[in-house]
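Bear in mind that the values here come from a model prediction, so they are computed numbers and not experimental data. For the single chain, residues carry numbers from 1 onward in sequence order.
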Amino acid sequence: VLKERMPNTPFQMLFRGQNILGYRHYPDDIVEKMIVAAVKRGIQVFRIFDALNDVRNMRWAMEVVKREGAHLQAAISYTISPVHTIDGFVELGKELASMGADSICIKDMAGLISPYDAYELVTKLKQAIDLPVQLHTHYTSGMGSTAIIKAAEAGVDVADTAISSVALATSQPATETIVAMLKGTPRDT
C-alpha cells in the first residue's frame, strides 16, 4: 500500500546478510526468498551488513540483490578497537566495491565515530573507490551532528538524519539541525 501511494520514493531496508532481519544464521534459500519477496513488495535499496564485517556472511545476499536488480548498498560496521583502523575500513570498502556494491555505507550504529575520524574515513573511501558513500550514525555519544558536518566537508554523498521529534539519543542527528548548520555552504540543502 505504501509503495502505491509513494511510487517515486525509493524504499530501503536494512538486511543483516545471512541473519536477514534477526540474530541467527539462515540458509541461502531463505535469504534468497526474503530478498525476492522484498523486491516484489517494493524494496529498491538493500543496506547489507554483517556486525563483524565478515564478507562471507554478506556475499550471498549481495549476489541475490544484484541479480534481482535492486540497489546494493554494502555497509561497513564501524567500531573502535586496537584492530579496527581507518585503513582497515577502507580496505573493506574496496572489497565490498569489488563484490558489486552500488554504494557504500559507513554504518556507525553505536555513535562512536568522531568528527575527525568521519572526515578521514570519508576522504580515504572517496579516494579509494568510485562509489557514493553514505554515513549512518547515531547520536548516542553526542558526536553525530559534528561527525556529519565533517563527513560533509570530506564529500560524503548522503548522511542519515531523523526529524527532530524522534532524533538524538539512540536515534540519528536531527535533520533540522544539519540543514541549519549547512545553510549558506556548498552543501546547503
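V45 and I43 are not part of a single hydrophobic cluster, where members link through side-chain heavy atoms under 4.5 Å apart. Linking Ile, Leu, Val, Met, Phe, Trp and Tyr residues whenever their side-chain heavy atoms come within less than 4.5 Å leaves L168 and M181 in two separate clusters. Tracing side-chain contacts under 4.5 Å through hydrophobic residues (I, L, V, M, F, W, Y), one never reaches Y116 starting from V133; they form parts of separate clusters. Residue L52 is not grouped with residue I76 when hydrophobic side chains (ILVMFWY) are merged at heavy-atom distances under 4.5 angstrom, including chains of intermediate members. In the hydrophobic clustering of this structure, I86 groups with L92; members are Ile, Leu, Val, Met, Phe, Trp, Tyr whose side-chain heavy atoms approach within less than 4.5 Å, directly or through other members.
In summary, R16 and D50 do not engage in a salt bridge, as defined by a charged side-chain N under 4.0 Å from a carboxylate O. Salt-bridge check for E91 with K94: passed, with a basic side-chain N closer than 4.0 Å to an acidic carboxylate O. With respect to R59 and E63, no salt bridge is recorded, no charged nitrogen being found less than 4.0 Å from a carboxylate O. A salt bridge links K126 to D157: one of the charged nitrogens lies within less than 4.0 Å of a carboxylate oxygen.
The closest side-chain heavy-atom distance from Y78 to L121 is below 4.5 Å. Using a 4.5 Å cut-off on side-chain heavy atoms (C-beta onward), M13 and L21 make contact. Two residues are said to be in side-chain contact when any heavy atoms from C-beta on lie closer than 4.5 Å; F11 and R41 fail this criterion. Using a 4.5 Å cut-off on side-chain heavy atoms (C-beta onward), N57 and N19 make no contact. Between I106 and Q134 the shortest side-chain heavy-atom distance does not fall below 4.5 Å. Looking only at side-chain heavy atoms (C-beta outward), M58 and L96 come within less than 4.5 Å of each other. Side-chain atoms of D188 and L182, non-hydrogen and from C-beta on, never get closer than 4.5 Å to each other. In this structure the side chain of T140 never reaches within 4.5 angstrom of the side chain of M109, judged on heavy atoms.
Rounding to the nearest 0.5 Å places CE of M62 at 13.0 Å from CZ of F46. In this structure, OG1 in T185 is found 7.5 Å from CD1 in I149, a value given to the nearest 0.5 Å. Rounding to the nearest 0.5 Å gives a distance of 11.5 Å between OH of Y139 and OG of S171. Rounded to the nearest 0.5 Å, atoms CG (D87) and CZ (F89) are 11.0 Å apart. A distance of 11.5 Å separates CZ in F15 from CG in L72, rounded to the nearest 0.5 Å. Taking CD1 of I48 as the start and CD of Q18 as the end, the distance is 10.0 Å to the nearest 0.5 Å.
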* Stepwise side chain to side chain contact (heavy atoms under 4.5 Å, CB included) check, M99 with V55 -> CA-CA 9 Å; M99 293 170 65; V55 296; 4.0 Å; yes
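Only one option out of T161, D160, T189 pairs with T175 in a side chain to side chain donor-acceptor pair (under 3.5 Å); it is T161. Paired with L14 under the rule side-chain contact (heavy atoms from CB on, under 4.5 Å), one option of K107, Q73, H136 passes, and it is K107.
For the residue pair Q44 / K3, a side-chain donor-acceptor distance below 3.5 Å is found, with atom types taken as modelled. S103 and H71 share a side-chain donor-acceptor pair at under 3.5 Å.
Nearest heavy atom pair, residue A97 against residue I129, reads CB-CG2, 3.9 Å. Closest non-hydrogen pair, L135 versus A151, comes out as CD2-CB, 3.7 Å. For the residue pair V156 and V122, the shortest heavy atom distance occurs at N-CG1, 3.6 Å. Smallest separation of non-hydrogen atoms from A74 and A101: CB-CB, 3.8 Å. Between A162 and E176 the shortest heavy-atom distance is O-OE1, 4.2 Å. Of all non-hydrogen atoms in A167 and A174, the two that sit nearest each other are CB-CA, 3.6 Å.
Under a cut-off of 6.0 angstrom, the local environment of CZ in R67 is crowded, with over 12 non-hydrogen atoms contributed by other residues, nucleotides or ligands. In this structure, D130 places its CG atom where only 12 or fewer heavy-atom neighbours from other residues, nucleotides or ligands lie under 6.0 Å away.
A cation-pi arrangement is absent between R47 and F49 under the rule of less than 6.0 angstrom and at most 45 degrees off the ring axis.
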